[in-house]
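So the structure is just underneath, and the comments pick up after that.
So you know, we letter chains A, B, ... as the sequences are listed, proteins then strands, and number each from 1.
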Amino acid sequence: MPEILEVERYRQVAELALGRPVQGAWLVDARYGRGGTTARRLGDALGGRPFVAARRRGKLLLLDSEDGPTVGLRFGMTGALALDGELAIERLRYSPARIARQWVRAVFTFADGGALEVHDPRRLGSVELAPDESRLGPDALSITRRQLTTALAVRDARAAPLKARLMDQARVAGIGNLLADEILWRGALDPTRRSALTAEEVRRAHSSLRATLRLLQRRGGSHTGDLMEQRHQGGRCPTDGRELRHESVGGRTTYWCPGHQR
DNA sequence: ATTGTGGCCTGCCCGC
DNA sequence: TGCGGGCAGGCCACAA
């Protein structure tokens with residue numbers, strides 16, 4: 001599903017659409033608009049203007065229009081982006097293997113005849129004019145160790161489990177369920193932990209976060225982690241062969257190794 | 001204020 | 001073979 005690595009790929013593809021005047025904008029599915037964003041407002045705001053920048057903060061893709069508002073795209077779990085009829089990513093995990101017209105939720109057409117389309121079977125994504133970017137924490141692809149220290153800080157013993165803090169988009173923007181499990185597994189950190197991390201453990205978390213994102217980006221996406229194929233009943237730790245534990249942590253299905261994650 | 005839970009959305013897989 | 005329940009997870013509303 002689209003986590004930060006996939007959305008970064010979408011951003012790169014969206015850059016190919018910069019400078020091309022938008023002819024029209026449609027919410028094929030009216031419910032796909034969020035925060036009062038309607039097809040009419042979208043069309044009125046963008047008509048005739050080109051996008052001048054494609055930015056990303058966490059999983060939020062931001063398209064700045066020339067002298068106009070920014071369009072925010074969220075992809076949920078199954079959202080895909082297609083430019084001029086070509087998908088930015090061929091096949092998404094947890095998403096149907098085919099493309100169907102009825103799953104196209106939003107379309108931006110360009111004066112040159114091309115189009116940018118959002119395809120989203122499960123409709124968990126959305127389009128929003130002028131989204132509030134300030135609600136998101138530092139971006140996971142560029143977060144510093146100091147910033148991560150702050151993000152993972154613990155107030156008291158009732159703090160949310162480590163994994164929930166890592167996935168909280170206001171603390172760190174961009175980490176989804178699969179990446180969180182992979183990062184904590186590589187960092188040998190127990191996702192259920194509520195106690196504060198030592199300075200050494202934060203270093204480990206930061207180092208694992210960076211290494212994991214780099215590696216999975218090179219491999220081709222957030223579903224290419226070593227833990228991925230063990231995410232099932234009886235799955236085993238690729239490192240020490242112990243049977244993985246799996247429980248809901250922070251409301252999300254979580255797999256981890258009870259042997260080496262502490 | 002922070003944390004936890006349920007619901008949304010819909011295709012797919014498993015067991016009967 | 002068909003059917004239905006459960007599951008997948010990003011994000012938000014809402015409750016505690």
Side-chain angles (χ1 to χ4, degrees), chain A residues 1-8 10 27-37 56-62 72-81 89 91-106 118-128 131-137 139-140 150-184 191-196 216 221-223 225 227-235 246-256:
Chain A
M1 84 292 316
E3 291 192 39
I4 192 168
L5 301 178
E6 285 72 25
V7 180
E8 171 57 18
Y10 292 171
L27 286 182
V28 181
D29 179 342
R31 289 175 296 174
Y32 209 66
R34 164 173 150 163
T37 299
R56 180 190 56 71
R57 181 139 173 186
K59 305 173 203 171
L60 176 63
L61 179 60
L62 297 152
L73 299 180
R74 290 182 179 82
F75 297 93
M77 182 179 171
T78 57
L81 193 67
I89 293 176
R91 176 76 171 97
L92 281 175
R93 184 72 48 144
Y94 302 125
S95 195
R98 64 187 191 283
I99 298 302
R101 292 317 296 178
Q102 80 258 26
W103 292 329
V104 173
R105 309 298 180 190
V118 177
H119 183 266
D120 186 0
R122 288 181 204 178
R123 216 162 52 191
L124 291 170
S126 61
V127 175
E128 183 178 19
D132 182 3
E133 302 172 39
S134 70
R135 292 171 52 190
L136 295 170
D139 188 80
T150 304
L152 299 181
V154 156
R155 190 171 284 263
D156 56 46
R158 290 176 321 192
L162 173 58
K163 180 180 177 184
R165 278 176 274 147
L166 187 61
M167 287 183 62
D168 181 344
Q169 302 301 300
R171 294 171 180 264
V172 180
I175 305 298
N177 200 41
L178 300 180
L179 285 177
D181 277 6
E182 186 78 14
I183 289 165
L184 294 174
T192 67
R193 224 176 112 162
R194 290 173 191 269
S195 57
L216 271 52
S222 54
H223 62 283
L227 217 48
M228 189 67 207
E229 58 186 47
Q230 298 300 322
R231 294 180 75 86
H232 58 79
Q233 188 73 247
H246 64 109
E247 277 171 34
S248 176
V249 177
R252 289 284 162 253
T253 305
T254 303
Y255 286 83
W256 78 99

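Remark: C1' of B:dC9 and NE2 of A:His119 are 14 Å apart, rounded to the nearest angstrom. Rounding to whole angstrom units, OH of residue A:Tyr32 and P of B:dC8 are separated by 18 Å. The separation between A:Asp181 atom CG and C:dA8 atom P is 12 Å, rounded to whole Å. The interatomic distance linking A:His232 (NE2) with B:dC13 (P) rounds to 16 Å, in whole Å. Distance OH (A:Tyr10) to P (C:dG10): 13 Å, rounded to an integer number of Å.
Here CG of A:Leu178 is found 10.0 Å from OG1 of A:Thr253. Values are rounded to the nearest 0.5 Å. Taking CD1 from A:Ile4 and CD from A:Gln169, the interatomic distance works out to 8.5 Å, rounded to the nearest 0.5 Å.
Although no hydrogens or angles enter the test, the distance criterion places no donor-acceptor pair under 3.5 Å between the side chain of A:Ser134 and the main chain of A:Asp132. With A:Arg74 contributing its side chain and A:Leu60 its backbone, the two residues share no donor-acceptor pair below 3.5 Å. Under a 3.5 Å cut-off, the side chain of A:Arg57 and the backbone N or O of A:Leu136 do form a donor-acceptor pair.
The side chain of A:Ser126 places no N or O atom within less than 4.0 Å of a non-bridging phosphate oxygen (OP1 or OP2) of C:dC11. Look at A:Arg123 and you won't find any side-chain N or O under 4.0 angstrom from OP1 or OP2 of B:dC8. At B:dC12, none of the side-chain N or O atoms of A:Arg122 fall inside 4.0 Å of OP1 or OP2 (strictly under the cut-off). Between A:Trp103 and B:dG11, a side-chain N or O to OP1/OP2 separation shorter than 4.0 Å is present.
One axis for each end of the helix from B:dT2-C:dA16 to B:dC16-C:dG2, each built from five base pairs, and the angle between them comes to 50° at 10° resolution.
Across all strands shown, A:Gly176 has heavy atoms under 4.0 Å from sugar-phosphate atoms exclusively, and none from any base.
With hydrogens and angles ignored, no donor-acceptor pair closer than 3.5 Å exists between the side chain of A:Arg74 and the base of C:dG10.
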Test side-chain hydrogen bond (donor to acceptor under 3.5 Å, both in side chains) on A:Arg193 and A:Ser195 and set out the steps.
CA-CA 6 Å; A:Arg193 224 176 112 162; A:Ser195 57; 3.2 Å; yes
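Proximity of residues 160-173 of chain A to DNA chain B (heavy atom under 4.0 angstrom from any strand atom) is restricted to A:Ala160, A:Pro161, A:Arg171.
Using a 4.5 Å heavy-atom cutoff, the side chains of A:Leu73 and A:Tyr10 are not in contact.
Set against B:dT3, B:dG7, B:dT10, the side chain of A:Arg194 has B:dT3 as its closest nucleotide. Side chain of A:Arg155, nearest nucleotide from B:dA1, C:dA8, B:dG7: B:dA1. Counting only heavy atoms from C-beta on, A:Asn177 has its side chain closest to C:dG10 among C:dG10, B:dT3, C:dA8. Closest to the side chain of A:Met77, out of B:dG7, C:dA8, B:dT3, is C:dA8.
Partner A:Asp29 forms a salt bridge (charged side-chain N to carboxylate O under 4.0 Å, His left out) with one of A:Arg122, A:Arg101, A:Arg105 and no other, that one being A:Arg105.
Enclosure of atom CD in A:Glu229 is not indicated, since only 12 or fewer non-hydrogen atoms of other residues, nucleotides or ligands lie within 6.0 angstrom.
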